[in-house]
Amino acid sequence: MPSLADRHGRSFPYLRLSLLEACNFRCGYCLPDGHRPLPGKPADLRLDEIGRLLRAFARLGMRKLRLTGGEPSLRRDLPEVIALAAAVPGIAKVAMTTNGELLARRIDAWRAAGLSHLNVSVDALDRARFAAITGRDRLPQILDGVERALTAGLRAVKLNAVLLRGLNDDQLPAFIGFVRERPLDVRFIELMRTGDNGDHFARHHVRATVLEAQLRERGWRPQPRAFDAGPSVDWGHPDYQGRIGIIAPYAPDFCAGCNRLRVTAGGDLRLCLFGETGIPLRPLLQSDDQAAELEATLVAQLGLKAASHALHEGRTGLVPHLASIGG
Ligand code: SAM
Ligand code: SF4
């Protein structure tokens, strides 16, 4: 049976699907001026198109789906999308990444629809810092949502923080305190350069590995990696319920463990976050009769996946900002 594998020995059980590009936040590294719809932008995939896409990916071995954006919770039919995904044979995990603004109000509905894993982006635990980084003074509501998510019966709740020099690079002790009694992982993501964020990158980029020495000094140790681990190196401490993870996309060999593909809100397949081509799948999502052609296209395209991104050479690919592809 054909499956999602490339010529570099990697397989791809993980799909990140962007549900829309729009967002209500203004994170300085992503959409500092807020979301501005571009003229001529294709409409977001409809539910029936998403259903065909997910069934084809799942037949080829996709087991974990992450819904992302833009801000996925702004999509009105989100509970229907989650329920549709959870019902696709083969999909074992339905995850979502959100800025968390609507979390407290919606988590029960998302859980009931079948959401299994949740990542909430929280760049600082200090209210003023959070507002300065994201353009929205919403930290208390978001943390309320995180507490609710922890008791909603999800299989995992994680926080994501983009590490930013001068903005939140002193927040490690606060996050460590947060995970003492809470069973959740906080992952620090190294800031990535995109087409639009050159100045912000120059001012605020710092290697995520700087956190390693600070963790070690406090008695934290890197944990053995699971065979299906993502890009995060997770650190643990016997006195703490949660873990701290570090995602360092500029580390050598980062791409060797790549296990994910992406589809944009308008239905383009992206083989790499920083790739230079987008393959339009929407024409193959119009009828159930196209399933075989769609699967053949996915398998053929994977044969073209490059071994590594070219960020080290300053080539950021097609992405103006990660809201356009979902991170
Ligand atoms: N709006 C949702 C959110 O913020 O969680 C989902 C989409 S957002 C693009 C997905 C993730 O990408 C977030 O955790 C965000 O912090 C991260 N991100 C965005 N731009 C980034 C960049 N330039 N470098 C590193 N991470 C970035
Ligand atoms: Fe919106 Fe997420 Fe980008 Fe922040 S990182 S602007 S919340 S899409």
Side-chain angles (χ1 to χ4, degrees), residues 10-16 63-68 92-100 115-125 142-143 146-147 149-165 168-192 205-260 273 309 322 326-327:
R10 301 173 296 195
S11 59
F12 297 89
Y14 179 16
L15 174 67
R16 297 177 68 102
R63 297 292 171 257
K64 173 177 174 184
L65 173 71
R66 179 171 301 280
L67 303 173
T68 174
K93 297 180 180 176
V94 180
M96 183 165 78
T97 300
T98 172
N99 63 29
L115 189 74
S116 61
H117 293 68
L118 181 74
N119 286 14
V120 189
S121 298
V122 180
D123 289 338
L125 289 172
I142 292 168
L143 293 181
V146 171
E147 300 297 357
L150 283 170
T151 57
L154 293 160
R155 280 155 60 194
V157 179
K158 295 181 181 168
L159 304 190
N160 289 350
V162 179
L163 186 66
L164 301 162
R165 182 170 47 202
N168 68 359
D169 53 349
D170 60 351
Q171 289 281 294
L172 182 64
F175 280 107
I176 285 180
F178 196 77
V179 303
R180 183 185 274 278
E181 308 291 348
R182 293 180 182 85
L184 54 72
D185 291 1
V186 173
R187 280 120 47 97
F188 285 94
I189 307 171
E190 185 167 326
L191 177 63
M192 290 178 256
H205 176 254
V206 51
R207 282 286 151 105
T209 44
V210 299
L211 299 175
E212 290 172 359
Q214 300 177 38
L215 285 166
R216 212 174 270 286
E217 265 168 30
R218 291 176 161 84
W220 289 69
R221 294 291 174 262
Q223 305 295 293
R225 286 170 73 70
F227 78 98
D228 60 347
S232 173
V233 177
D234 295 319
W235 292 63
H237 188 298
D239 300 339
Y240 291 76
Q241 287 198 38
R243 293 182 304 176
I244 303 285
I246 297 179
I247 300 181
Y250 291 89
D253 261 2
F254 180 77
C255 299
C258 183
N259 65 353
R260 61 205 53 205
L273 182 50
H309 63 58
L322 295 198

(message) Holding to side-chain hydrogen bond (donor to acceptor under 3.5 Å, both in side chains), I want the full list of residues that pass it with Asn99, two or more places apart in sequence or in another chain.
(response) Asn24, Glu71
(request) Applying side-chain contact (heavy atoms from CB on, under 4.5 Å), run through Leu273 and Met192 and close with a yes or a no. (result) CA-CA 10 Å; Leu273 182 50; Met192 290 178 256; 4.0 Å; yes
Can you see which heavy atom on [X] is nearest to which on [Y], and at what distance?
X: Gln171; Y: Leu125; result: OE1-N, 2.7 Å
X: Arg16; Y: Arg260; result: NH1-NH1, 4.0 Å
X: Arg155; Y: Ala92; result: NH1-O, 3.0 Å
X: Val157; Y: Leu154; result: CG2-CD1, 3.9 Å

Excluding sequence neighbours, so at least two apart, what forms salt bridge (charged side-chain N to carboxylate O under 4.0 Å, His left out) with [X]?
X: Arg207; answer: Glu190
X: Arg10; answer: Asp6
X: Arg182; answer: Glu147
X: Asp169; answer: none

Close side-chain approach of [X] and [Y], heavy atoms under 4.5 Å:
X: Leu150; Y: Leu184; answer: yes
X: Val186; Y: Ile176; answer: no
X: Pro222; Y: Glu212; answer: no
X: Leu15; Y: Arg66; answer: no
X: Leu163; Y: Leu191; answer: no

Rounded to the nearest 0.5 Å, how far apart are [atom1] of [X] and [atom2] of [Y]?
X: Asn119; Y: Leu67; atom1: CG; atom2: CG; answer: 11.5 Å
X: Phe188; Y: Asn160; atom1: CZ; atom2: CG; answer: 10.5 Å
X: Met96; Y: Thr68; atom1: CE; atom2: OG1; answer: 9.5 Å
X: Asn168; Y: Phe175; atom1: CG; atom2: CZ; answer: 7.0 Å
X: Arg221; Y: Trp235; atom1: CZ; atom2: CH2; answer: 7.5 Å
X: Leu118; Y: Leu159; atom1: CG; atom2: CG; answer: 9.0 Å

(request) Carefully, step by step, assess Leu143 and Phe178 under the rule side-chain contact (heavy atoms from CB on, under 4.5 Å). (result) CA-CA 11 Å; Leu143 293 181; Phe178 196 77; 4.2 Å; yes
(message) If we ignore hydrogens and angles and just use 3.5 Å, is the side chain of Asp123 paired with the main-chain N or O of Val162 as donor and acceptor?
(response) yes
(request) Please report the C-alpha distance between Arg63 and Tyr14 in whole Å, then the side-chain angles of each, then the deciding distance to 0.1 Å, and finally whether the side-chain hydrogen bond (donor to acceptor under 3.5 Å, both in side chains) criterion is met. (result) CA-CA 6 Å; Arg63 297 292 171 257; Tyr14 179 16; over 6 Å; no
Please table the atom pairs, donor to acceptor, closer than 3.5 Å between any side-chain atom in residues 236-247 and protein atoms at least two apart or in another chain.
| from | atom 1 | to | atom 2 | distance (Å) |
| --- | --- | --- | --- | --- |
| His237 | ND1 | Asp239 | N | 3.0 |
| His237 | NE2 | Arg218 | O | 3.4 |
| Tyr240 | OH | Arg180 | NH2 | 3.1 |
| Gln241 | NE2 | Glu181 | O | 3.4 |
| Arg243 | NE | Asp185 | OD1 | 3.4 |
| Arg243 | NE | Asp185 | OD2 | 3.4 |
| Arg243 | NH2 | Asp185 | OD2 | 2.8 |

